[in-house]
Asker: 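Take a look at this one; I'll ask things after.
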2 protein chains.
Amino acid sequence: MAKPPTIHAVAARAGVSTATVSKVVNRINVGMSETTRQRVEEAIRDLGYRPSRVGRSLRTLRRSTIGMAIVDASPSFLADPFTTNLVAGLTNHLSARGFGLLLHGIKPHELRDSVLVRESEVDALCVTLSGSRRDRLSYIKLLTELGQPFVTFQDQPVASAKDACFVRQDDRAGAVGLARYILEKRRAKRAVMFISELSWPAIEQRVSGFRDVFDDKRVSLDLVRCDETSSASIVAAAEAYLARTAPPDVFIGQNDQVALTVMQVLKRHNIRVPGDVGVCGFNAFPFSGFADPPLTTARSPAYELGQLGAAVILDRLEAGHFRKREHVLAVDLVAGASV
Amino acid sequence: MAKPPTIHAVAARAGVSTATVSKVVNRINVGMSETTRQRVEEAIRDLGYRPSRVGRSLRTLRRSTIGMAIVDASPSFLADPFTTNLVAGLTNHLSARGFGLLLHGIKPHELRDSVLVRESEVDALCVTLSGSRRDRLSYIKLLTELGQPFVTFQDQPVASAKDACFVRQDDRAGAVGLARYILEKRRAKRAVMFISELSWPAIEQRVSGFRDVFDDKRVSLDLVRCDETSSASIVAAAEAYLARTAPPDVFIGQNDQVALTVMQVLKRHNIRVPGDVGVCGFNAFPFSGFADPPLTTARSPAYELGQLGAAVILDRLEAGHFRKREHVLAVDLVAGASV
DNA sequence: ATGAAAGCGCTAACAT
DNA sequence: ATGTTAGCGCTTTCAT
């Protein structure tokens, strides 16, 4: 448990000053003799010296770390493939540029007391929020007051958040594409969409996209709410729906997991897909292709969203301000065989 | 872009010394008048002061951060539900104890040059490795030389890694359970298992578990290798296998994704599951239940593995040494309807 | 080409 | 009960 060597140890061993060691470590080559550099590098190797990021950060006031707060009630916040891909995109982009990603899963009511908020340890924050509109606004207000730049994913822009950027996918257009595809494939008069209990900007956009197309073609759209994180709750909602009305022409899940769960219920009722009814999901994560029939859905650019968010925040750090307040990525149709 | 307030600003505003502010921030209550504390707290609120973790870390030489290196060739390293759940378990446990998780996806050949290895910024490391046995050993050697404690997931213990702990699930026993279940359900003579091209300790354990049971009952076990991260490669391998031999009694995937992909191929060949052949997977992630029929598999305690890893490493930090060099968690059978 | 020295924000031992 | 002070490991300006 010997204490790790510091820059002083290296300097002593190489017989130079710490300033010189620092230059070698940071690859500042101007004004340094080749022999000195070699001697220093040898000392570094011999001692197994690793520069401390803490010392450097204190000195430079830059931490080269971005915080990612995933505000979610569920402990398995990373179970959602959307989040997972988002985080993968984020870290990959950041890692490649020498930045770290400090990951925190935070329960909604704990955000205020979380380390990320209470203490200062990152250059900027990324967040995916959850909860009601009011809750989300209050989180955004809280983050704004931190005086740190931040990026939120999948939220609508909030004007009062000055030093913030809103990165999201075009859920509305994705839903429009899906709705049009459905009406191409089948003569539908009635549709039902299973959505989460809480309102959620991305979901509202999807509903609004479906509604626009369906209204225009006089297709009715029922909304059924359930706890979308619980497969039991989805099943119960689907069962209840089937019990009180004849099957509609198409079932829409707010995401793939919901659609797939509903599809299982339909199967148990011997309702054929796509023979009797159509089913579609949203986000197109790989497992949606494993279903029978493969799910018709729309591809979420979650990984790209993460990369973009990372790029946007690094640019913000360099430029001193966000160049754009909002970024929107396209969502493309994935024609399975369930419609 | 005003510089954030420091402890000095708070001290000045409250008319006390920085030492007093520090005590308030760190909730050290002995020897402090109530009025002083209130004044300090007010100043903190007024200024929006957030203590800098960097300053504190430099002083205490503790960073309260654990690094997690996911060594994987694929950029979507977080796509695997095993990894995802593992990371969720890790962060949740760490967050609850005031520790952060610094996440890095690292390509195998980049580990040596990664920030996590080159510089010192965390109290300890966690890793999931990949690659050949030789590669893995070289990574473990590299990590050992860092002189930092580390935990590896899903690897077999390596004696030379002194300050390390090996946390894994009992893949072998899981496979044994699955194999016995298969032989209960159907009279099998031939089985085939689809596994990744690279050898991988967890997979080797699974193969060995199946082989033990099957050998005993004179069931043959073919091994087919493919790039398990590519659905096209799995399909190609399955097609090739079906082209050169009659369907065996049971298809085994090294994980759920592989099994499900093979199941799709069987369907296209009009081979019924479980009528004509049985299929089983491994890890039991939620989507395996969406398949038709629901997949028979074995439940990976990935989330618990993450929690355990976090607990083990925090204990190591406190105690100064790992109490055990290895931890193994059980893997339970999930009887679907595919066998 | 190299070094001396100041100071980043904080804590903790010691002094008052 | 509160304050003074000495660094923690590093970078960077200014001297030499």
Side-chain angles (χ1 to χ4, degrees), chain A residues 2-41 43-44 47-65 98 115 118-123 147, chain B residues 2-41 43-44 47-65 98 115 118-123 147:
Chain A
K3 261 187 28 181
T6 71
I7 199 170
H8 287 105
V10 177
R13 171 143 192 151
V16 298
S17 73
T18 59
T20 303
V21 177
S22 176
K23 278 180 196 148
V24 171
V25 166
N26 293 293
R27 299 186 153 75
I28 296 170
N29 291 316
V30 294
M32 163 143 341
S33 76
E34 189 51 30
T35 49
T36 310
R37 122 157 298 113
Q38 305 236 329
R39 231 166 354 124
V40 172
E41 273 170 354
I44 290 177
L47 295 172
Y49 169 66
R50 298 194 301 155
S52 156
R53 276 213 156 194
V54 176
R56 176 186 302 158
S57 293
L58 186 56
R59 175 64 229 227
T60 60
L61 301 185
R62 265 174 279 114
R63 302 174 188 40
S64 300
T65 303
V115 170
R118 292 286 301 262
E119 303 184 342
S120 151
E121 61 171 335
V122 295
D123 294 319
Chain B
K3 262 185 31 182
T6 71
I7 199 170
H8 286 105
V10 177
R13 170 146 193 147
V16 299
S17 73
T18 60
T20 304
V21 177
S22 177
K23 277 180 195 148
V24 172
V25 166
N26 293 295
R27 300 189 150 75
I28 296 169
N29 291 316
V30 295
M32 162 143 344
S33 78
E34 188 52 28
T35 50
T36 309
R37 125 158 293 114
Q38 305 235 328
R39 234 170 348 127
V40 171
E41 273 170 353
I44 289 177
L47 262 28
Y49 169 67
R50 298 194 300 155
S52 156
R53 277 214 156 192
V54 175
R56 178 187 301 158
S57 293
L58 186 57
R59 174 66 229 226
T60 61
L61 301 185
R62 267 173 279 114
R63 308 182 208 333
S64 300
T65 303
V115 171
R118 292 285 299 263
E119 303 185 342
S120 150
E121 60 171 335
V122 295
D123 294 319

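Lettering follows sequence order; numbering is per chain, from 1.
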Asker: To the nearest 0.5 Å, how far apart are OG1 in B:T18 and NZ in B:K23?
Answerer: 10.0 Å
Asker: Has A:T65 got a side-chain atom pairing as donor or acceptor with A:R63's backbone, closer than 3.5 angstrom?
Answerer: yes
Asker: Is any side-chain heavy atom of A:M32 closer than 4.5 Å to a side-chain heavy atom of A:V40?
Answerer: no
Asker: Got a second to check how far B:S57's OG is from B:D123's CG, nearest 0.5 Å?
Answerer: 7.5 Å
Asker: Are side-chain heavy atoms of A:R56 and A:V25 found at a separation under 4.5 Å?
Answerer: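 Yes, side chains in contact.
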Asker: Sugar-phosphate atoms are those with a prime plus P, OP1 and OP2; base atoms are the rest. Using that split, label each nucleotide of nucleotides 6-16 of chain C B, S or - for protein heavy atoms under 4.0 Å, 5' to 3'.
Answerer: BBBBBBB----
Asker: Going 5' to 3' on DNA chain D, which nucleotide is the first and which the last to come under 4.0 Å of a heavy atom in chain A?
Answerer: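 Counting from the 5' end, contacts occupy D:dG9 to D:dT12.
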Asker: Drop me the distance from A:L58's CG to B:R53's CZ, to the nearest 0.5 angstrom.
Answerer: 15.0 Å
Asker: Would you work out how much the helix from C:dA1-D:dT16 to C:dT16-D:dA1 bends between its ends, with each end axis defined by five base pairs, to 10 degrees?
Answerer: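 The value is 40°.
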Asker: Does B:R39 reach the main-chain N or O of B:A14 with its side chain, forming a donor-acceptor pair under 3.5 Å?
Answerer: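 Yes, because the side chain of B:R39 sits within donor-acceptor range (under 3.5 Å) of the backbone of B:A14.
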Asker: How long is the span from the CD1 atom in B:I7 to the CG atom in B:L47, to the nearest 0.5 Å?
Answerer: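 Separation between the atoms: 12.0 Å.
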Asker: Ignoring hydrogens and angles, tell me if any N or O in the side chain of A:S120 forms a donor-acceptor pair with the backbone of B:P51 under 3.5 Å.
Answerer: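 Not a single qualifying donor-acceptor pair exists.
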Asker: How long is the span from the CD atom in B:E119 to the OH atom in A:Y49, to the nearest 0.5 Å?
Answerer: 9.0 Å
